[in-house]
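One structure is given here, and the rest of the page talks about it.
The structure displayed is predicted, hence computed values, not measured ones. All chains are named by letter (A, B, ...) in the order of the sequence lines, taking the proteins before the strands, and each is independently numbered beginning at 1.
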Protein chains: 2
Amino acid sequence: MMDLGPRRMTTEARREQLLAFGRRHFAEHGYEAMSMDAIADRAGVSKGLLYHYFGNQRGFYMETVRSVTDEVIAITEPPAEQPFDQAFRVMVTCFVGYVQEHSAIYAALVRGGLGSDTEVNELLDRVRTTTMSRILERLGIRRPSALSQIAIYGWVSLIENGCAEWTAAGGASPSRLIDFFISAFEPVLEVLQSEQRS
Amino acid sequence: MMDLGPRRMTTEARREQLLAFGRRHFAEHGYEAMSMDAIADRAGVSKGLLYHYFGNQRGFYMETVRSVTDEVIAITEPPAEQPFDQAFRVMVTCFVGYVQEHSAIYAALVRGGLGSDTEVNELLDRVRTTTMSRILERLGIRRPSALSQIAIYGWVSLIENGCAEWTAAGGASPSRLIDFFISAFEPVLEVLQSEQRS
DNA sequence: CGGCATTATTGACGATTCGTCAATAGCCAT
DNA sequence: ATGGCTATTGACGAATCGTCAATAATGCCG
């Protein structure tokens with residue numbers, strides 16, 4: 001349906017091809033909307049091949065999601081040399097840029113448009129906790145209080161869902177969006193500082 | 001397994017009983033972790049009865065989720081007589097209180113611990129958009145800009161996920177949490193005011 | 001070039017689960 | 001009591017999941 005013949009590929013190449021297909025497919029159709037037979041047909045391979053590479057239906061979905069979250073984590077790495085304010089802005093800007101480019105799959109993922117259970121949420125949470133750690137590290141905070149962690153976590157949720165809503169609404173003028181995200185961090189910073197003193 | 005005999009109940013009473021069971025069951029086991037046969041067995045009724053009341057497996061799950069989101073919307077209605085600041089605080093406080101009491105089901109829902117696809121997210125979004133409308137109405141803003149809506153939406157996501165993280169971390173000292181949520185609204189308010197002028 | 005070993009790929013199969021529906025059984029009115 | 005209404009049941013057909021022995025494409029080596 002998609003490929004030409006059942007050409008024999010190397011394991012790695014086939015795997016990458018199937019994951020790329022998975023992103024497109026799940027972004028459009030979601031999880032469990034189609035049977036594995038139908039998915040395999042659309043991908044141009046046999047059902048057995050999908051099971052061979054990913055174990056089961058969920059495995060295919062999970063690996064696809066992981067390929068996205070890993071990419072987000074890699075792209076939002078803040079530059080090491082710059083001072084906090086600049087590095088922070090770069091991080092936010094890169095995140096918004098990524099969502100803008102990959103809005104189909106990522107916005108759907110954040111907004112729960114795709115099937116998201118405990119296991120999927122663990123992958124999304126890895127993005128959030130990684131971002132938290134980077135911020136805390138840059139600020140030199142080694143042992144944040146419970147409230148501090150909740151504050152940062154809440155802010156990360158704000159930019160995630162704000163971005164998702166933004167792309168859904170057309171995705172115009174990212175600069176003002178970024179400015180708002182940064183200003184929204186101010187109350188968080190205040191919590192961090194007051195908690196740090198005590 | 002749960003009930004005594006297959007006593008014949010009124011339609012409404014049976015429905016309420018099954019929904020109450022659904023909350024407990026899905027909070028603990030999630031969606032699609034068990035077959036309908038197993039769920040019916042645990043509920044102490046036949047599988048056919050579940051299908052009779054809710055149409056299909058997803059129907060049972062969706063109705064259960066809806067019973068929760070409807071309750072959240074009802075409980076977070078801000079008092080009409082008081083000025084904005086006070087009404088706003090009451091609303092936030094009620095929300096935190098609800099999450100604290102029903103943390104098992106609601107935190108799981110927000111954090112994606114339960115299966116959440118497009119349809120489920122529509123129900124969760126109804127909570128968010130209702131909160132947005134209430135805030136805008138109280139502030140007398142009739143036609144908010146796109147950025148204004150995104151800002152409020154992001155803030156609502158912040159308190160939702162912040163609460164979920166808070167209960168997961170033990171759920172102590174809600175007053176400081178509430179104070180943070182209210183202070184986190186300040187940047188949103190600035191956006192609303194500046195957008196309103198233009 | 002040709003035959004062989006390796007392994008990527010397939011499709012039919014058994015097991016499980018979804019959702020249906022005719023049959024059953026409890027409750028109320030007369 | 002008894003008869004009608006309807007809440008409730010469980011066996012059935014259809015569809016899907018995941019497995020596995022068979023197949024075929026590729027590369028290697030003589």
Side-chain angles (χ1 to χ4, degrees), chain A residues 1-22 25-26 28-66 114-120, chain B residues 1-22 25-26 28-66 114-120:
Chain A
M1 250 310 176
M2 180 107 207
D3 214 340
L4 297 103
R7 262 308 233 308
R8 183 191 173 114
M9 301 174 65
T10 71
T11 301
E12 202 51 40
R14 175 67 82 181
R15 183 186 176 78
E16 290 305 318
Q17 181 210 348
L18 291 176
L19 283 177
F21 167 80
H25 173 82
F26 289 125
E28 184 177 2
H29 295 96
Y31 176 54
E32 78 169 9
M34 270 188 187
S35 70
M36 280 296 261
D37 290 272
I39 293 176
D41 185 54
R42 278 177 52 87
V45 297
S46 72
K47 182 175 61 164
L49 194 69
L50 288 180
Y51 280 94
H52 173 70
Y53 274 92
F54 302 106
N56 55 26
Q57 192 171 22
R58 161 155 311 233
F60 184 33
Y61 178 63
M62 292 300 298
E63 296 273 3
T64 302
V65 173
R66 174 184 285 271
L114 301 186
S116 95
D117 52 16
T118 305
E119 219 172 341
V120 174
Chain B
M1 254 304 180
M2 180 106 210
D3 214 342
L4 297 104
R7 244 351 210 294
R8 184 192 173 112
M9 301 174 66
T10 72
T11 300
E12 202 49 42
R14 177 66 84 181
R15 183 187 176 77
E16 291 305 317
Q17 182 209 348
L18 291 176
L19 284 176
F21 168 79
H25 173 82
F26 289 125
E28 184 177 2
H29 295 95
Y31 175 57
E32 79 167 8
M34 270 189 187
S35 70
M36 280 296 261
D37 291 272
I39 293 176
D41 185 54
R42 278 177 54 87
V45 297
S46 71
K47 182 174 62 167
L49 194 68
L50 289 179
Y51 280 95
H52 174 69
Y53 274 91
F54 303 107
N56 54 26
Q57 191 171 23
R58 161 155 311 234
F60 183 34
Y61 178 63
M62 292 301 297
E63 295 274 3
T64 303
V65 172
R66 173 184 286 273
L114 300 187
S116 95
D117 51 16
T118 305
E119 220 173 339
V120 173

Rounded interatomic separation in angstrom, taking CE from Met9(B) and P from dA25(C): 21 Å
Which nucleotide wins on minimum distance to the side chain of Ser46(B), given the candidates dT19(D), dG19(C), dT8(D)? dT8(D)
Specify the separation, in whole Å, of atom CG of Asp41(A) and atom P of dT9(C). 17 Å
In whole Å, what is the span from the CE atom of Met34(A) to the C1' atom of dA15(D)? 16 Å
If you take atom types as modelled and just measure distance, does the side chain of Lys47(B) reach the base of dG19(C) with a donor-acceptor pair under 3.5 Å? yes
Sugar-phosphate, base or nothing in reach of Thr10(B), heavy atoms under 4.0 Å: nothing
Start at the 5' end of DNA chain D and walk down; is the nucleotide closest to Met36(A) or to Gly48(A) reached first? Met36(A)
Determine whether any donor atom in the side chain of Arg14(B) lies under 3.5 Å from an acceptor atom in the base of dT8(D), or the reverse, and answer yes or no. no
Taking only the side-chain heavy atoms of Gln57(A) (C-beta and beyond), determine which of dA25(D), dG18(D), dT17(C) contains the nearest atom. dG18(D)
NA contact type, Tyr53(B), heavy-atom cut-off 4.0 Å: base, sugar-phosphate, or nothing? sugar-phosphate
For atom CD of Glu12(A) and atom C1' of dA8(C), their distance in whole Å: 14 Å
Closest approach to the side chain of Val45(A), judged atom by atom: which nucleotide of dT16(D), dT10(C), dA24(D) is it? dT10(C)
Ring centroid separation Phe60(B) to Tyr53(B) under 6.0 Å: no
Between dC17(D) (P) and Phe60(A) (CZ): distance, integer Å: 13 Å
Nearest to the side chain of His52(A), which nucleotide is it out of dC27(C), dG19(C), dT9(C)? dT9(C)
Salt bridge present between Arg66(B) and Glu119(B) (N-O < 4.0 angstrom): no
Would you mind checking if Arg58(A) and Glu63(A) are paired as a salt bridge, meaning a charged N to carboxylate O distance below 4.0 Å? no
Provide, to the nearest angstrom, the distance between the CZ atom belonging to Phe54(A) and the P atom belonging to dT19(D). 15 Å
Does Ser35(A) make a side-chain N or O approach to OP1 or OP2 of dA15(D) shorter than 4.0 Å? no
From dG18(D), dA24(D), dC18(C), pick the nucleotide closest to the side chain of Asp37(B)? dC18(C)
Atom CZ of Arg8(A) and atom P of dA25(D): how far apart are they, to the nearest Å? 10 Å
Starting at CG of Leu49(A) and ending at P of dC20(D), how long is that distance when rounded to a whole Å? 17 Å
Between atom CE of Met36(B) and atom NZ of Lys47(B), what is the distance when rounded to the nearest 0.5 Å? 8.0 Å
Which listed nucleotide (dC17(D), dC18(C), dA7(D)) is nearest to the side chain of Tyr51(B)? dC18(C)
Over 60° means perpendicular and under 30° means parallel, so tell me whether Tyr31(A) and Tyr61(A) are parallel, tilted or perpendicular. parallel
